[in-house]
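Along the sequence shown, residues are numbered consecutively beginning with 1.
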Amino acid sequence: MNTAILLFLLCIISSFVFRTTGFGFGIVIMTVLPSLMPSYGEATALSGLLAMSMSVVVAFRTRKFVTWRRLLPMLVTFGIISAIAIFTLKRLDDVVLRKILGVILVLISIYFTFFSGKIHLKTTLPYQIGAGTISGFMGGFFGMQGPPAVLYFVSSEPDKDHYLAMMQHYLLLGNIMMTCVRWKHGFVTPTVGLSYLYGIGGVIIGANLGSWVFKRIPNKYFKYVVYGYIAVAGIIIFVSA
């Protein structure tokens, strides 16, 4: 299949998942994207640019649900840690890291699915820094900063609208920061720019389909949809690594 067509279809699927669950664009697209791009670093750069484009619209629509005093400490921590991770990216074996990541995602989803009723993460500084740190490492290394933030926000926010708003602002601002760092380290190339043009149409289509589904998921079942998707994503990452 032509690379441009494959990228277009991949963006539809990835953005559909992203708009339905509030995260997961990088998880889906990075199962295939590294094989389509000249380097792993360029693949993470493209993934971040496409996800960032989609978050702009959703973040604007949900801006009234954002609590900045809970978001900023986590975001600042993420920015520092992700920059360190991107700097060391070329020195690490991404295959081993992705297999470890896959196992961790499955274990986390199982734990939260069965014990979520007993878990309520506090909106305090230590929790925010902890979530930002783990998310920073995952975002810098894999272009998948979503899962730690998801587990924090889905437990700490009162409903799916507040959860979506916090996630989208976190992902948007985080991707802007990582794109700047990736550009500085040479990962944002002309190939990335051309591939972005191929994929952005698929992002728009998938986001609109996902929005329709999101509005129809009951609040009481929403967290289980998210946990289930994290488990599936972990298996996909482990197998594809």
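Taking 4.0 Å as the cut-off between side-chain N and carboxylate O, E42 and R182 do not count as a salt-bridged pair.
Summarising the geometry, atom CE belonging to M166 is positioned 4.5 Å from atom CZ belonging to F153; distances are rounded to the nearest 0.5 Å. Between the OG atom in S55 and the CD atom in Q168 there is a gap of 4.5 Å [rounded to 0.5 Å]. The distance from the OG atom of S82 to the CE atom of M138 is 13.0 Å, given to the nearest 0.5 Å. In this structure, CG on L10 lies 9.0 Å from OG on S47, to the nearest 0.5 angstrom.
Here the side chains of Y196 and L46 are in contact, with some heavy-atom distance below 4.5 Å. For the pair V192 and F187, the minimum side-chain heavy-atom distance is 4.5 Å or more. Within the 4.5 Å cutoff, side-chain heavy atoms of Q128 are placed close to those of Y152.
Distance alone, capped at 3.5 Å, places no donor-acceptor pair between the R61 side chain and the V58 backbone. One N or O on the side chain of T77 and one on the backbone of P73 form a donor-acceptor pair closer than 3.5 Å. T44 places a side-chain N or O within donor-acceptor distance of the main-chain N or O of G41, the cut-off being under 3.5 Å. Proximity of a side-chain donor or acceptor of H169 to a complementary backbone N or O of A165 within less than 3.5 Å is detected.
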Subject >> Steps toward side-chain contact (heavy atoms from CB on, under 4.5 Å) verdict (V181, H185) >> reply: CA-CA 6 Å; V181 176; H185 289 285; 3.6 Å; yes

**OP:** Show your working on side-chain contact (heavy atoms from CB on, under 4.5 Å) between V154 and M167 and close with a plain yes or no.
**Re:** CA-CA 9 Å; V154 81; M167 272 302 300; over 6 Å; no

Original post:
Between C11 and I200, is a side-chain contact (heavy atoms from CB on, under 4.5 Å) present by the stated rule, with each step listed?
Top reply: CA-CA 7 Å; C11 284; I200 193 63; over 6 Å; no

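Hydrophobic clustering of Ile, Leu, Val, Met, Phe, Trp and Tyr side chains at less than 4.5 Å, counting indirect connections, unites M37 with V203. With hydrophobic clusters built from ILVMFWY side chains whose heavy atoms lie under 4.5 angstrom apart, V57 does not share a cluster with I205.
Between Q145 and the choices I134, N175, V150, the side-chain contact (heavy atoms from CB on, under 4.5 Å) rule is met once, by N175.
Taking the six-membered ring for Trp, F78 and Y170 have ring centres closer than 6.0 Å.
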